[in-house]
Protein chains: 2
Amino acid sequence: MRRDIFQAIADPTRRAIIALIAVQAMTPNAIATHFDTTRQAVSKHLRILTECELVKATQEGREIHYQLEVQKMKEIDQWLAQFRKIWEGRFSELDKLLANMKTKKK
Amino acid sequence: MRRDIFQAIADPTRRAIIALIAVQAMTPNAIATHFDTTRQAVSKHLRILTECELVKATQEGREIHYQLEVQKMKEIDQWLAQFRKIWEGRFSELDKLLANMKTKKK
DNA sequence: AATATATGCAACCGTTCGGTTTCACAAACA
DNA sequence: TGTTTGTGAAACCGAACGGTTGCATATATT
């Protein structure tokens, strides 16, 4: 089991769950009504999301409320940061040209 | 085959390849030397990255140069945007409180 | 022309994934 | 106390994943 954030958000259902509970904490049953699968399948997704700490569970009687750990989402943002430099900056055009020249020179 | 960006970046080797060619375009052979797998395995990764248009191939004689399609990376950024609102804004604390109250009220 | 180099593709293999069905268990309710 | 409700865990299944080995092909090099 790899179980890192990137593997967690790879599944479209899981991304939808994340978006759902980002608004407000929800129980597995409530979440499941939004999808075309069994409650158990949703439960498995929640387990994966919990394992990589993207989601936090809070028991309340017999109900369990799952809520998004927004902080963890920052890790994706941090990984993206290195590329943001490229697509934002003037960097892009000039340096890509230089890179290509260096390659062709050989 | 799902083959969307999120599935593409789920694999750590693929993320490493992306980071590598972000700096400058590279051939499959050159890329493969950076990893502990066969050239063919890298080739398969490149195929997946190409299919979801994260990477662009340019033939040059018998060599093929793969280069990152930085634009495509923005799509991840765009998906992340909805959560950035939450983790950045004052939004977070107050609204999470309200969301919880609304849940408990029932 | 013969050989070496750069590459992709197909077949195969063990593992993981995402789903279902069945069961177990604790909390709430009658 | 018996029943309903909310939930997780286990066993199973077909599909996809990530890797390897072997082969085919086109371009360079000798």
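Computed from a prediction, not measured in an experiment: that's the story for all the values here. Convention: sequence-line order gives letters A, B, ...; per-chain numbering from 1.
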For B:Arg47, is the CZ atom crowded, meaning more than 12 foreign heavy atoms sit under 6.0 Å from it? no
Just to be sure I understand the rule, does B:Gln59 reach a base, reach only the sugar-phosphate, or reach nothing, if contact means heavy atoms closer than 4.0 Å? nothing
Let me have the donor-acceptor pairs involving side chains of residues 34-42 of chain B, under 3.5 Å, with sequence neighbours excluded, atom names and distances please.
unit_1: B:His34; atom_1: ND1; unit_2: B:Ala30; atom_2: O; d: 3.1
unit_1: B:Thr38; atom_1: OG1; unit_2: B:Ala41; atom_2: N; d: 3.4

Test for a donor-acceptor pair under 3.5 Å between the base of D:dT7 and the side chain of A:Arg62, counting only N and O atoms. no
Hey, does B:Tyr66 reach any base, or is it just sugar-phosphate, or nothing, if we go heavy atoms under 4.0 Å? sugar-phosphate
In the structure I gave you, are the side-chain heavy atoms of B:Gln59 and B:Ile64 within less than 4.5 Å of one another anywhere? yes
CD-OG1 distance between A:Glu69 and A:Thr50, expressed to the nearest 0.5 angstrom: 10.0 Å
For DNA chain D, which residues in residues 43-54 of chain B have a heavy atom at a distance below 4.0 Å? B:Lys44, B:His45
Interatomic distance, B:Ile21 atom CD1 to B:Leu54 atom CG [nearest 0.5 angstrom]: 8.5 Å
Kindly point out which of C:dC9, D:dG6, C:dC23 is positioned nearest to the side chain of A:Gln40? C:dC23
Rounding to an integer number of Å, can you tell me how far B:Phe6 CZ sits from D:dA16 P? 21 Å
Check whether more than 12 heavy atoms from other residues, nucleotides or ligands sit under 6.0 Å from atom NZ of B:Lys56, and answer yes or no. no
